[in-house]
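For reference, the structure discussed in these notes is given below.
Indexing begins at 1, ligand by ligand and atom by atom, following the structure's order.
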Amino acid sequence: MPARDCLFCRIGSGQIPSKVVLQDDEMFAFEDINPQAPVHVLVIPKRHIGGLNDAGERALLGRLLETAALVAKKKGIAESGYRVVANTGREGGQTVFHLHVHVLGGRQMTWPPG
Ligand code: 5GP
Ligand code: ZN
């Protein structure tokens with residue numbers, strides 16, 4: 001999908017407004033529109049990458065997870081605990097095909113996930 005048609009490319013570039021949690025030159029973190037927990041933030045690379053299967057760059061994946069941990073700290077759930085999820089592909093439940101991780105917390109998470 002070309003980046004111009006991608007929802008998260010538009011959010012990451014500020015074309016579509018979102019509740020920004022933090023950002024840097026490469027990463028963008030914003031509140032999920034349909035939160036599944038008291039804290040539910042999405043972290044994306046600003047550059048378009050379709051999903052985990054397309055993310056060949058170790059450095060970028062490292063930054064993505066590092067940013068997820070920074071989000072948890074900023075939202076005050078680093079110590080209580082949180083979950084980082086990368087839904088991937090159809091059976092993984094991915095609905096937006098721009099690489100992202102969910103940072104979920106502020107309540108007890110259950111296992112197994114649905
Ligand atoms: P996925 O299902 O691909 O893992 O996650 C996509 C997430 O994006 C969902 O949790 C959904 O609520 C969120 N989402 C979809 N559209 C928007 C939007 O326009 N704005 C924001 N902030 N989140 C969105
Ligand atoms: Zn995109």
Yes or no: does [X] have any heavy atom under 4.0 Å from an atom of ligand 1?
X	value
Ser18	no
Gln36	no
Phe97	no
Ile11	yes

I'd like to check which ligand 1 atoms, numbered from 1 as shown, lie under 4.0 Å from a non-hydrogen atom of [X].
X	answer
His100	1 (P), 3 (O), 4 (O), 5 (O), 6 (C)
Phe30	21 (C), 22 (N)
Phe8	8 (O)
Val96	3 (O), 6 (C)
Asn34	12 (O)
Gln94	3 (O)

Q. According to the side-chain hydrogen bond (donor to acceptor under 3.5 Å, both in side chains) rule, which pairs have a member within residues 67-84, sequence neighbours left out?
A.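 Only Glu31-Lys75 qualify under side-chain hydrogen bond (donor to acceptor under 3.5 Å, both in side chains).
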Q) So which pairs with a foot in residues 105-114 pass side-chain hydrogen bond (donor to acceptor under 3.5 Å, both in side chains), sequence neighbours left out? A)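 Not a single pair qualifies under side-chain hydrogen bond (donor to acceptor under 3.5 Å, both in side chains).
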Q: Please answer: with hydrophobic residues joined when any side-chain heavy atoms are less than 4.5 Å apart, are Ile49 and Phe28 in the same cluster?
A: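 The answer is no; the residues belong to distinct hydrophobic clusters.
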Q: Give a yes or no on whether Val41 and Leu61 share a hydrophobic cluster (residues Ile, Leu, Val, Met, Phe, Trp, Tyr; joining criterion: side-chain heavy atoms under 4.5 Å apart).
A: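 Per the 4.5 Å side-chain linkage, Val41 and Leu61 are co-clustered.
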Q: Could you tell me the angle subtended at the Zn ion (ligand 2) by ND1 of His98 and SG of Cys9, rounded to 10°?
A: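 ND1 of His98 and SG of Cys9 make an angle of 110° at the Zn ion (ligand 2), to the nearest 10°.
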Q) If you stand at the Zn ion (ligand 2) and look out to SG of Cys6 and ND1 of His48, what angle do those two lines make, to 10°? A)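 Vertex at the Zn ion (ligand 2): approximately 110°.
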Q: Among all protein heavy atoms, pick the one closest to atom 22 (N) of ligand 1 and tell me residue, atom and distance.
A: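 The protein heavy atom lying closest is Glu31 O, 2.9 Å.
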**Q.** Heavy atom of the protein closest to atom 2 (O) of ligand 1 (residue, atom name, distance)
**A.**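 Nearest neighbour among protein heavy atoms for atom 2 (O) of ligand 1, to 0.1 Å: Thr95 OG1, 2.8 Å.
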Q) Using the ring of each side chain (for Trp, its six-membered ring), is His102 parallel, tilted or perpendicular to His40, with breaks at 30° and 60°? A)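 Rings of His102 and His40: tilted, 30 to 60°.
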Q. Does the N or O separation between His102 and ligand 1 drop below 3.5 Å for any pair?
A.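 By distance alone, the answer is yes.
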I'd like to know if [X] pairs up with [Y] as an ion pair, taking the criterion as any Lys NZ or Arg NE/NH1/NH2 lying under 4.0 Å from an Asp or Glu carboxylate oxygen.
X	Y	value
Lys19	Asp32	no
Glu26	Lys46	no
Asp24	Arg63	yes

Q.
Minimum heavy-atom separation for Leu52 and Leu99, please, with both atom names.
A.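 For Leu52 and Leu99, the tightest heavy-atom pair comes out as N-CD1, 3.6 Å.
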Q: Of all the heavy-atom pairs spanning Ile44 and Gly12, show the shortest one and how long it is.
A: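 That closest heavy-atom pairing would be CD1-CA, 4.0 Å.
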Q.
Would you say that Arg47 contacts Leu60 through its side chain, given a criterion of any heavy-atom pair below 4.5 Å between the two side chains?
A.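 Touching, per the 4.5 Å side-chain cut-off.
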Q) Is it the side chain, the backbone, both or neither of Leu42 that has a heavy atom closer than 4.0 Å to ligand 1? A)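 Only the side chain of Leu42 comes within reach of ligand 1.
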Q. Does Lys19 approach ligand 1 within less than 4.0 angstrom via side chain, backbone, both or neither, non-hydrogen atoms only?
A.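 For Lys19, there is no contact with ligand 1 at all, from either part.
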(Q) Out of Ile33, Asp32, Leu7, Leu99, who is nearest to atom 24 (C) of ligand 1 when you count heavy atoms only? (A)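 Looking at heavy atoms only, the winner is Ile33.
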